[in-house]
Amino acid sequence: MGKRPKITIIGGGNIGATAAHWAASKELGDVVLVDILEGMPQGKTLDLSQAGPIEGFDSVVTGTNNYDDTAGSDIIIITAGLPRKPGMSRDDLLATNAKIVHECASKSAAKSPDAIIIVISNPLDAMCSVAMRASGFPKNRVVGMAGILDTARYRTFLGMELNSSIEDIQALVLGGHGDAMVPLVSYTSISGIPITQLIPKDRLDSIVERTRKGGGEIVGLLKTGSAFYAPSSAGVQMAEAILKDKRRILPCACYLEGEYGISGIFVGVPCILGRNGVEKVIEVSLTNEERAELHQSAAGVQELVDKL
Ligand code: TXD
């Protein structure tokens, strides 16, 4: 009888603690929450555990400041790092978060050499490169969470526009997790109906623009930090696809080696997520304009990686 899967979440702040909440309530496995702050992960997970009898989940959720407690994890979700403040770009976090992600990835990978790393910390695409280098893991076992969040924002705005269920909206957003991301209108449908039949172009364009600026909109409202409900939910959806070997097709930041004409960096593309992490990168055909936008977004990622 196999033991329960083990999910380590590094960074017990807004995203990490909320990811622990989603993972525990879905009973994806036992959860270990790591932070540098003494007592904080221990307190949050003790509190979360006490919701178990109410919500009906038996996941064992523990907090720690010691990587020994993360040993043998199946999944490592890295959320540690500073979030943006109003006026900051994700790129402003590069130097500080690169150091943090490097430490978290190397220390956790040493204790769980067979794990799959899901990176959430920003600037996301560059932090994936840091995590792959620091962990020494192969490209299929390092994947970044951004496209699912960006696509979820896009789908939410479309559902609002049509006053219809988000469950029936299928969409794809490619590219780096930045203002240059590429929502693909040509691959957006509602119950198979192309979106262009349902929403006029001017409204679609403003929805695409709002999606691109979706992170900044929330940072501007919160003032003290950035989004965390949807980002953590997206990260846990990736963990679920991997742990249950669902082989879902989801937009994730994957390490490309020639796909889409891009090499040597992580960029948001559709991929199959299963027990081995990124099972396959899926290349969809793009219009010249969409391809140019994807390459422009990738160039922004390359610029950040070059600064590392
Ligand atoms: O789509 C996406 N990928 C993004 C990612 C969506 C939203 C925001 N995202 C980014 O995630 C954000 O820009 C940050 O870089 C991270 C974490 O955001 P969060 O809102 O959770 O930040 P918090 O609440 O400040 O939590 C960060 C925690 C905090 O408790 C620190 O003590 C801890 O990280 N931290 C560390 N933990 C372990 N090890 C080290 N070295 C460390 N340094 C800080």
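Since the structure is predicted, the reported quantities are computational estimates derived from the model, not experimental observations. Atoms considered below: every heavy atom in the structure, side chains included; atoms not considered: hydrogens, waters and symmetry mates. In each ligand, atom 1 is the first atom listed, and ligand 1 is the first ligand listed.
- For ligand 1, the polar-atom distance check finds an N/O of I120 within less than 3.5 Å of one of the ligand's N/O atoms.
- Listed by number with element, the atoms of ligand 1 under 4.0 Å from a non-hydrogen atom of L93 are 13 (O).
- Every atom of ligand 1 is numbered from 1 in the order shown, and the set under 4.0 Å from a heavy atom of E103 is 41 (N).
- Looking only at distances, no side-chain donor or acceptor of S189 sits under 3.5 Å from a matching main-chain atom of S191.
- Judged by distance alone, with hydrogens and angles left aside, the side-chain atoms of T79 form a donor-acceptor pair with the main-chain N or O of I10 at under 3.5 Å.
- A salt bridge does not link K246 to E240: none of the charged nitrogens lies less than 4.0 Å from a carboxylate oxygen.
- Distance alone, capped at 3.5 Å, is enough to place a donor-acceptor pair between the E279 side chain and the N276 backbone.
- Looking from atom 18 (O) of ligand 1 to the surrounding protein, the closest heavy atom is I15 CD1, 3.8 Å.
- Proximity of I242 to I118: side-chain heavy atoms (C-beta onward) are separated by under 4.5 Å at one or more points.
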Between R153 and T156, is the side chain to side chain donor-acceptor pair (under 3.5 Å) condition met? List the steps.
CA-CA 5 Å; R153 287 174 168 155; T156 304; over 6 Å; no
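- Here the shortest heavy-atom distance to atom 6 (C) of ligand 1, taken over P231, G268, A234, G11, belongs to P231.
- Between K99 and E103 there is no salt bridge, since no side-chain nitrogen of the basic residue lies less than 4.0 Å from a carboxylate oxygen of the acidic one.
- Interface atoms of ligand 1 facing T79, defined by a heavy-atom separation under 4.0 Å, are 16 (C), 17 (C).
- In terms of protein heavy-atom proximity, atom 39 (N) of ligand 1 is nearest to C104 SG, 3.5 Å.
- Regarding atom 37 (N) of ligand 1, its nearest protein heavy-atom neighbour is A80 CB, 3.6 Å.
- Residue-ligand proximity: G225 is placed with every non-hydrogen atom at 4.0 Å or more from ligand 1.
- For atom 12 (C) of ligand 1, the closest heavy atom belonging to the protein is P83 CA, 3.7 Å.
- No salt bridge links K6 with D30; every basic N to acidic carboxylate O contact stays at or beyond 4.0 Å.
- Remark: minimum distance from atom 29 (C) of ligand 1 to any protein heavy atom is reached at D35 OD2, 3.5 Å.
- Proximity of M40 to ligand 1 is established by a heavy-atom distance of less than 4.0 Å.
- Across the listed options T224, N122, I118, N122 owns the non-hydrogen atom lying nearest to atom 13 (O) of ligand 1.
- Under 4.0 Å from ligand 1, the heavy atoms of L37 that appear belong solely to its side chain.
- With salt bridges taken as basic N to acidic carboxylate O contacts below 4.0 Å, one links R212 and E293.
- Put simply, the side chain of S106 never gets that close to the backbone of S135: no donor and acceptor are under 3.5 Å apart.
- For atom 20 (O) of ligand 1, the closest non-hydrogen atom of the protein is N14 CB, 3.5 Å.
- Residue contact check: S226 has heavy atoms under 4.0 Å from atoms 8 (C) of ligand 1.
- Considering backbone and side-chain N/O atoms, Y67 never comes within less than 3.5 Å of an N/O atom of ligand 1.
- Atom numbering of ligand 1 starts at 1 in the shown order; those under 4.0 Å from a heavy atom of L149 are 1 (O), 6 (C).
- For atom 7 (C) of ligand 1, the closest non-hydrogen atom on the protein side is A227 O, 3.5 Å.
- A salt bridge links K111 to D68: one of the charged nitrogens lies within less than 4.0 Å of a carboxylate oxygen.
- Within ligand 1, the atoms closer than 4.0 Å to a non-hydrogen atom of G13 are 21 (O), 24 (O), 26 (O), 28 (C), 30 (O), numbered from 1 in the order shown.
- At under 3.5 Å, a nitrogen or oxygen of N97, whether backbone or side chain, sits near a nitrogen or oxygen of ligand 1.
- Of all the heavy atoms of M145, the ones lying under 4.0 Å from any atom of ligand 1 are found in both the backbone and the side chain.
- By the 4.0 Å N-to-carboxylate-O rule, K213 lies too far from E217 to be salt-bridged with it.
- Each of the following atoms of ligand 1 lies closer than 4.0 Å to a heavy atom of L82: 12 (C), 13 (O), 14 (C), 15 (O).
- No donor-acceptor distance shorter than 3.5 angstrom exists from the side chain of K107 to the backbone of Y67, with no hydrogens or angles considered.
- Looking only at distances, no side-chain donor or acceptor of T196 sits under 3.5 Å from a matching main-chain atom of K201.
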